[in-house]
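Right, one structure below, let's go through it.
First the proteins, then the strands, lettered A, B, ... as listed; each starts at 1. No experiment lies behind these values; they were computed from the predicted model shown.
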Amino acid sequence: MLQIKKISVSVEGKPILADIGLELNAGEVMALMGPNGSGKSSLAYALAGHPKYAVDKGKMFFDKKEITELTPNERAMMGLFLANQAPVAIPGLGIKSFLWQIYKKFENEKRMDLVKFRNWLDDEAEKLQLKNGLLERGLNDGFSGGERKKMEVLQMLVSKPKYIILDEIDSGLDVDALKIIALRVKKMVKEDKVGVLIITHYSRILNYLKADKVVIIEKGKVKEMGGMELVKKIEDKGFEEKK
Amino acid sequence: MSRFAPIKEESKKEKWEKSPYEYGFSSPEKHMFKAKRGLNEEIVRMISTMKSEEEKMRNFRLESYKIFLEKKMPTWGADLSTIDFNNIFYYVKATKSEGKKWGDVPKEIKDTYDKLGIPQAEKEYLGGVKAQYESEVIYGSLLKKLRDKGIIFCGMDEALVKYPDLVWSHFGKIVPKGDNKFAALNSAVWSGGSFIYVPKGVKVDLPLQAYFRINTQNMGQFERTLIIVDEGAFVHYVEGCTAPIYTTDSLHSAVVEIWVAKNARCRYTTIQNWSTNVYNLVTKRAWVEEKGIMEWVDGNLGSKITMKYPSVILAGKGAHGEILSVAVAGKGQHQDAGGKCIHLAENTTSRIISKSISLNGGRSSYRGMIQMNKGAKNARSKVVCDALILDNESRSDTYPVNKIMESEVTLEHEATVSKIGEEQLFYLMSRGFEEHEAEAMVVNGFIEPIVKELPMEYSVELNRLISLQMEGSVG
């Protein structure tokens with residue numbers, strides 16, 4: 001279980017989130033929704049350990065182990081994966097060798113050899129409908145928004161996480177790409193019992209990947225918790241800014 | 001300081017101390033002859049006598065020595081004031097004579113190459129290994145097929161005896177003895193180095209390689225290389241250096257001259273990894289005739305101070321020059337490197353790509369010159385220099401000079417200075433990589449456009465050395 005116990009988060013001294021508490025189980029999908037600037041992405045960064053997002057109060061646990069003070073790589077090695085909203089480019093860092101290095105970090109027991117791994121990679125890339133030759137380039141270098149998001153999914157598949165945070169994975173994606181990504185994640189939930197936290201403004205992605213829990217946050221606080229019925233409410237009325 | 005808490009100061013420090021300079025070893029010294037420290041006319045004469053040289057070379061040396069004394073120390077670049085010319089050995093002879101077969105090479109020297117990780121099998125397909133151990137070429141092996149094609153690849157001393165006319169046709173003409181103080185010094189005391197002649201129309205499909213190494217405390221290494229690529233021919237020469245650590249300063253001052261004839265092409269690749277007490281002051285220049293191509297690929301990792309500006313003189317119509325360089329300046333290092341392209345003829349083109357990395361208080365400078373003489377109509381040149389600075393203690397400067405005397409020319413200059421972004425580091429760390437691994441990934445990505453031009457084993461070594469440097473930069 002990924003547990004967030006009453007955390008307050010600030011960025012450069014400015015409070016962003018207050019007393020947030022959430023629990024995400026293995027094999028569960030949770031949607032975290034809210035208007036722009038409500039603090040959704042800040043929560044994702046705080047969970048992943050971005051140094052700019054200071055956890056001033058509260059604690060976070062990964063399968064009962066506290067992770068509040070751990071570095072981003074320590075959290076990643078435990079099995080926490082953040083799919084970034086705007087993945088950065090690292091020119092010159094060859095994707096295939098990068099993914100192979102990730103793979104070697106996470107897979108110790110049943111490791112494929114390099115040739116098998118590359119074949120598997122090509123296969124997965126094809127399923128994600130990544131353009132031919134894209135994997136020969138530098139990481140995200142000159143990639144479109146959609147291609148970057150698919151690269152996040154590919155990295156996710158290679159590192160086999162236990163819990164995934166999808167930070168606005170749907171922004172900038174066309175319907176086809178959205179469907180491909182959502183169904184791939186759904187497969188991970190079903191087959192590998194991965195826990196998924198989907199951060200989004202829109203209900204679109206939830207048409208393909210149903211949420212077991214829905215949490216609405218607003219102005220840095222949890223406003224409402226429930227099931228898919230909350231999504232329906234937002235679709236009809238939008239986020240109610242005043243209440 | 002690490003930007004990503006918590007900082008494990010203890011363990012990181014320990015790790016660094018346990019990983020000293022990787023190639024910091026030395027074999028027991030075994031010399032046939034070693035000149036006294038310091039330099040005077042007598043020592044110059046003695047070097048010439050030891051080599052049984054003819055009067056012509058002896059006079060060349062003596063004239064050069066006079067010029068060396070007259071020339072002032074260059075003050076426009078890196079700080080050279082701490083070089084003590086009187087505390088350097090100018091001539092050391094390692095073994096009796098050149099070995100022709102691998103079996104003739106002394107054991108200590110073989111051990112040295114083993115430590116450098118030069119595989120025995122490599123020489124079979126590298127097309128002949130020339131290795132300079134100390135001041136003499138002690139081992140030279142040429143594959144028969146190279147010889148059959150008429151290619152000459154031997155030590156400079158041997159070339160002077162066997163092919164004096166060919167050597168003198170270009171020796172000291174591309175880099176004249178009075179070119180600069182260090183070229184004059186090299187001209188006076190040079191020893192060893194390679195001579196290559198590639199006949200008309202012959203293309204050498206495998207790179208020719210040389211390994212250089214300083215192995216005597218306070219020993220100067222003054223090798224002299226001359227490459228002549230005749231019409232329509234091609235050769236790729238690769239030179240790599242690693243040196244052991246010593247506590248007192250060492251001087252490496254080489255001269256490389258290359259003649260590229262009509263329609264010929266030469267690529268010269270260097271990876272310089274001297275230990276961080278070495279002054280590396282090298283003059284490299286190529287003369288390029290009509291439609292010839294010269295490419296310098298230059299990697300500077302080690303040394304205390306490097307001053308090196310590979311140059312191309314584009315003398316014939318349509319000649320092309322290319323200088324790709326990468327420099328890494330760590331603690332206590334100043335890499336002052338760049339390139340020069342001098343356009344003398346119509347439709348000549350050139351390109352300089354320089355990438356530098358400064359870390360742990362290191363300093364890197366790009367110093368370059370593009371000159372386009374009257375008559376160099378339609379000359380085109382592009383200069384790109386990118387600097388990556390890893391911390392606030394480090395420094396990077398650029399000193400570009402353009403001398404344009406012709407109006408119908410094109411000159412482009414791009415320069416960027418960047419720091420590794422927190423977002424890039426966070427992104428890679430959130431994939432499971434340690435901070436130093438993440439930094440190395442960004443840095444290796446930055447220099448990738450140059451590294452991909454290197455032969456495989458060099459690019460692997462370069463990436464590994466940079467990763468080692470990064471481990472030291474964290475904490």
* To do: Step through it carefully: locate the ring centre of Tyr399(B), locate the ring centre of Tyr366(B), and say whether they are under 6.0 Å apart.
  => no
* Structure fact -> Ranked by heavy-atom pairs below 4.5 Å to chain B, first place among Leu139(A), Leu80(A), Leu93(A) goes to Leu93(A)
* Among Ile164(A), Leu166(A), Ile181(A), find the one that has a side chain to side chain contact (heavy atoms under 4.5 Å, CB included) with Val153(A). => Ile181(A)
* Asked: Should the ring pair His50(A) and Phe426(B) be called parallel, tilted or perpendicular, given that the plane angle runs from 0 to 90° and is split at 30 and 60?
  -> tilted
* With a 4.5 Å cut-off on heavy-atom pairs, point out which of Gln155(A), Met156(A), Met77(A) contacts chain B the most. => Gln155(A)
* To do: Look at Gly432(B), Ser430(B), Ala438(B), Pro449(B) and state which one has the largest set of heavy-atom pairs under 4.5 Å with chain A.
  => Gly432(B)
* **Per-residue contact mode, Phe433(B) against chain A (heavy atom under 4.5 angstrom)** => both
* Of the backbone (N, CA, C, O) and the side chain (C-beta and beyond), which part of Pro87(A) lies under 4.5 Å from a heavy atom of chain B, both, or neither? -> both
* To do: Examine Lys284(B) relative to Tyr268(B) and say whether NZ or CZ is less than 6.0 Å from the centre of the six-membered ring and inside a 45° cone about the ring axis.
  => no
* What part of Leu428(B) gets closer than 4.5 Å to chain A, counting heavy atoms only: side chain, backbone, both or neither? -> side chain
* To do: Establish, yes or no, whether a centroid distance under 6.0 Å links the rings of Tyr163(A) and Phe81(A).
  => no
